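Read through the structure below, which is laid out as structure tokens, and then see the notes.
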Amino acid sequence: MKNGKVCFGVIIGTRAYFNSELAKDVKKQLLKVLDEQGYEYIILPEDATPTGASSIETIEDGIKNAELFRAHRDEIDGIIVSLPNFGYEIGIINTIARAELNVPVLVQACDDENDKVDLDSRRDAFCGKISVCNNLYQYGIPFSLTSLHTYSIYSDLLVKDINKFAGICRVVNTLRHCRIGQIGTRPLGFNTCRASEKLLQRSGITVVPADLSELIFAAQKIEDNDPALIQKLKDIHDYAKVPEAYEDKLRTQAKFGVAVEQWVKDNKVDALALQCWDSLEQNYGCAPCITMAMLGDMGVPCACETDIAGAVSMLALHLASGEAAALADWNNNFAEDRNKCVCTHCGNFPRGFIGNSDLKLTPLGVLGRTLGKVRTFGAIDAKVSEGNFTFFRISTDDAAGKIRAYVGEGEITNEPYGMDGCIAVTKVDNLQKLMKHICRNGFEHHVALVRTDVADILQDAIENYLGWDLYVHE
């Protein structure tokens, strides 16, 4: 991303026998919206083509525009095609095909007004959009569509569609080149967390492994007066309430956190799957949950139980929303309400996902009973605040040789539930249908969650660009 922002290549399509003032007005308003929303863009100079207004028409225009885009190929995350009028598909398709950027493409077209359809005012973009999309289809170039076929360039829908498209670009471009850290092996009792590195690599997802012992030894080498450790202890206190009885154990946990964060930085990983159960507790003496939660709030989603596909799922939600994602079990029925489920994990939900500041550090519940509370300290106890959420999961189907996924939206309620760890009481319409799909298609018990509605972004990214099998739950 250019300057840390999503950058678009902008194409203004036109035909010379339409009023050129229409293209000038559309360009001005489109770039104004991009500036207001904080996006970067690459566009031809206004006088670069005979039609003016940075607009393109001919093969020669397309070649010139393609050269510009190719010169900025490392900056451009997506292409926006705007049609002030019918446009001429030849210039547009030559730009995109010759530039060979392999990034998402959005096609937007403008409304005609019923009292302005004379030869000086008409647009015909309604028809022209069909022609442009037909050419993209012929050339095998995937593309995204706006919420309505056409609308005014001054419509609020433009902002919504561009922001959605930016999310699609983040998901597609990052997942095609992402690095997923794997610290530790899969725990013996979690066959469900198996994943195929080879199938993931086919989609551009690289797994970067490290033995858990490497991180344990790195943590043990950290001195008590290390500035990074001192800062981490302060950060944890600012993040969650620490019971006084566990202050000494907190130093052990914080050293592990410093070691993991350094490994993430050194290996340039985008998300992390960590062996949290139960070698770390037995051989080092703490739980990693607070480390995982804080990394999630830093933009590095962390999946427990070395769930690599779960980490990819969390990363996709984070990229789509820009918010912290969590990984949870579809864990408990909620009395006899068949559309509700208690989603929970031992205690690694990021504070940004929990949605409030009432976080307390505790020992792990289940492991604490068998390994002792002191050795399992480092989990978060919290209740997730109510609000909308999106759920998402990918799975590598080795037998079929492909990646499967499902996505949907629901609601987190404020109903109490007397269980330790991180708790979210969720409501999903037709939940029983979803559970049948999960069970029939071999999905894992883990699901990634984010506290906003981004199912449409993931659907577009997966169906149009990534090519995975996707079930959209409704």
Side-chain angles (χ1 to χ4, degrees), residues 181-184 187 210-266 269 272-298 300-306 311 324 326-327 345-354 357-382 420-422:
Q182 177 191 340
I183 296 178
D211 193 89
L212 184 59
S213 64
E214 297 176 38
L215 276 299
I216 291 176
F217 291 145
Q220 290 173 336
K221 291 178 181 178
I222 296 173
E223 300 290 342
D224 288 347
N225 61 352
D226 189 310
L229 174 63
I230 294 170
Q231 183 62 49
K232 179 57 62 180
L233 288 166
K234 180 181 181 301
D235 292 344
I236 293 175
H237 275 284
D238 292 340
Y239 195 87
K241 298 174 185 175
V242 180
E244 188 175 342
Y246 291 97
E247 281 289 350
D248 290 342
K249 177 55 66 171
L250 184 63
R251 188 175 300 275
T252 301
Q253 207 293 325
K255 288 182 178 182
F256 184 76
V258 171
V260 170
E261 288 183 19
Q262 188 61 49
W263 186 88
V264 166
K265 181 180 179 180
D266 291 344
V269 301
L272 184 64
L274 194 149
Q275 182 188 351
C276 62
W277 186 295
D278 57 357
S279 176
L280 184 67
E281 291 79 8
Q282 294 201 62
N283 298 306
Y284 180 69
C286 76
C289 306
I290 182 65
T291 295
M292 300 167 73
M294 294 177 77
L295 275 169
D297 277 318
M298 297 176 196
V300 182
C302 295
C304 56
E305 293 155 6
T306 326
L327 189 74
H345 247 164
C346 304
N348 65 344
F349 289 0
R351 185 167 62 184
F353 176 80
I354 292 169
S357 298
D358 191 17
L359 284 66
K360 180 182 178 181
L361 288 193
T362 67
L364 291 168
V366 175
L367 283 184
R369 297 185 66 178
T370 55
L371 300 181
K373 292 183 177 181
V374 174
R375 301 193 67 80
T376 59
F377 177 75
I380 296 172
D381 187 84
D420 61 282
C422 291

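Positions are given from 1, in the same order as the sequence printed here. No experiment lies behind these values; they were computed from the predicted model shown.
When all heavy atoms of V374 and K249 are compared, the pair lying nearest together is O-CE, 3.3 Å. Closest approach of G347 to C289, counting heavy atoms only: O-CB, 2.9 Å. Shortest non-hydrogen contact noted between G378 and L361 is O-CD2, 4.3 Å. The heavy-atom pair separating F256 from C286 by the smallest distance is CB-SG, 4.4 Å. Taking each heavy atom of A379 and C346 in turn, the nearest pair found is CB-O, 3.9 Å. Closest approach of P243 to F377, counting heavy atoms only: CD-CE1, 4.3 Å.
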### Task
Could you please spell out the steps behind the side chain to side chain contact (heavy atoms under 4.5 Å, CB included) verdict for W277 and L367?
CA-CA 8 Å; W277 186 295; L367 283 184; 3.9 Å; yes

### Task
Please assess V258 against D226 for the test side chain to side chain contact (heavy atoms under 4.5 Å, CB included), listing each intermediate value before the final yes or no.
CA-CA 10 Å; V258 171; D226 189 310; 5.7 Å; no

### Task
Go through the steps to decide whether I380 and I290 satisfy the test side chain to side chain contact (heavy atoms under 4.5 Å, CB included), and finish with yes or no.
CA-CA 6 Å; I380 296 172; I290 182 65; 3.9 Å; yes

### Query
Do Y246 and T362 pass the side chain to side chain contact (heavy atoms under 4.5 Å, CB included) test, and can you show the C-alpha distance, the side-chain angles, and the key distance before you say yes or no?
CA-CA 9 Å; Y246 291 97; T362 67; over 6 Å; no

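For the pair S213 and N283, the minimum side-chain heavy-atom distance is 4.5 Å or more. Within the 4.5 Å cutoff, the side chain of L295 has heavy atoms near those of the M298 side chain. Annotation: side chain of M294 is not in contact with side chain of D297 (no heavy-atom distance under 4.5 Å). The side-chain heavy atoms of E261 and V300, taken from C-beta on, include no pair separated by under 4.5 Å. P288 is listed as a side-chain neighbour of E281, based on a closest heavy-atom distance under 4.5 Å. Inter-residue side-chain proximity for L274 and T306 is flagged as unmet; no heavy-atom pair is nearer than 4.5 Å. Annotation: side chain of L229 is not in contact with side chain of E223 (no heavy-atom distance under 4.5 Å). V260 places a side-chain heavy atom less than 4.5 Å from the side chain of I183.
Put simply, the residue from L215, T252, L212 that forms a side-chain contact (heavy atoms from CB on, under 4.5 Å) with Y284 is T252.
Between the side chains of Q253 and T291, a donor-acceptor pair is found at a separation under 3.5 Å.
In D266, the CG atom is crowded: over 12 heavy atoms of neighbouring residues, nucleotides or ligands sit closer than 6.0 Å.
Interatomic distance, C302 SG to L327 CG, rounded to the nearest 0.5 Å: 10.5 Å. One finds the CD atom of E244 at 12.5 Å from the CG atom of L250 (value rounded to the nearest 0.5 Å). Put simply, CD on Q231 and CD1 on I236 are 10.5 Å apart, with the number rounded to the nearest 0.5 Å. In this structure, Q275 CD and D211 CG are separated by 8.5 Å, a value rounded to the nearest 0.5 Å. Taking OG1 of T370 as the reference point, atom CZ of R375 lies at 11.5 Å (rounded to 0.5 Å). Atom CG of D224 sits about 4.0 Å away from atom NZ of K255, to the nearest 0.5 Å.
A distance-only check finds no donor-acceptor pair linking the side chain of N348 to the backbone of A293 [under 3.5 Å].
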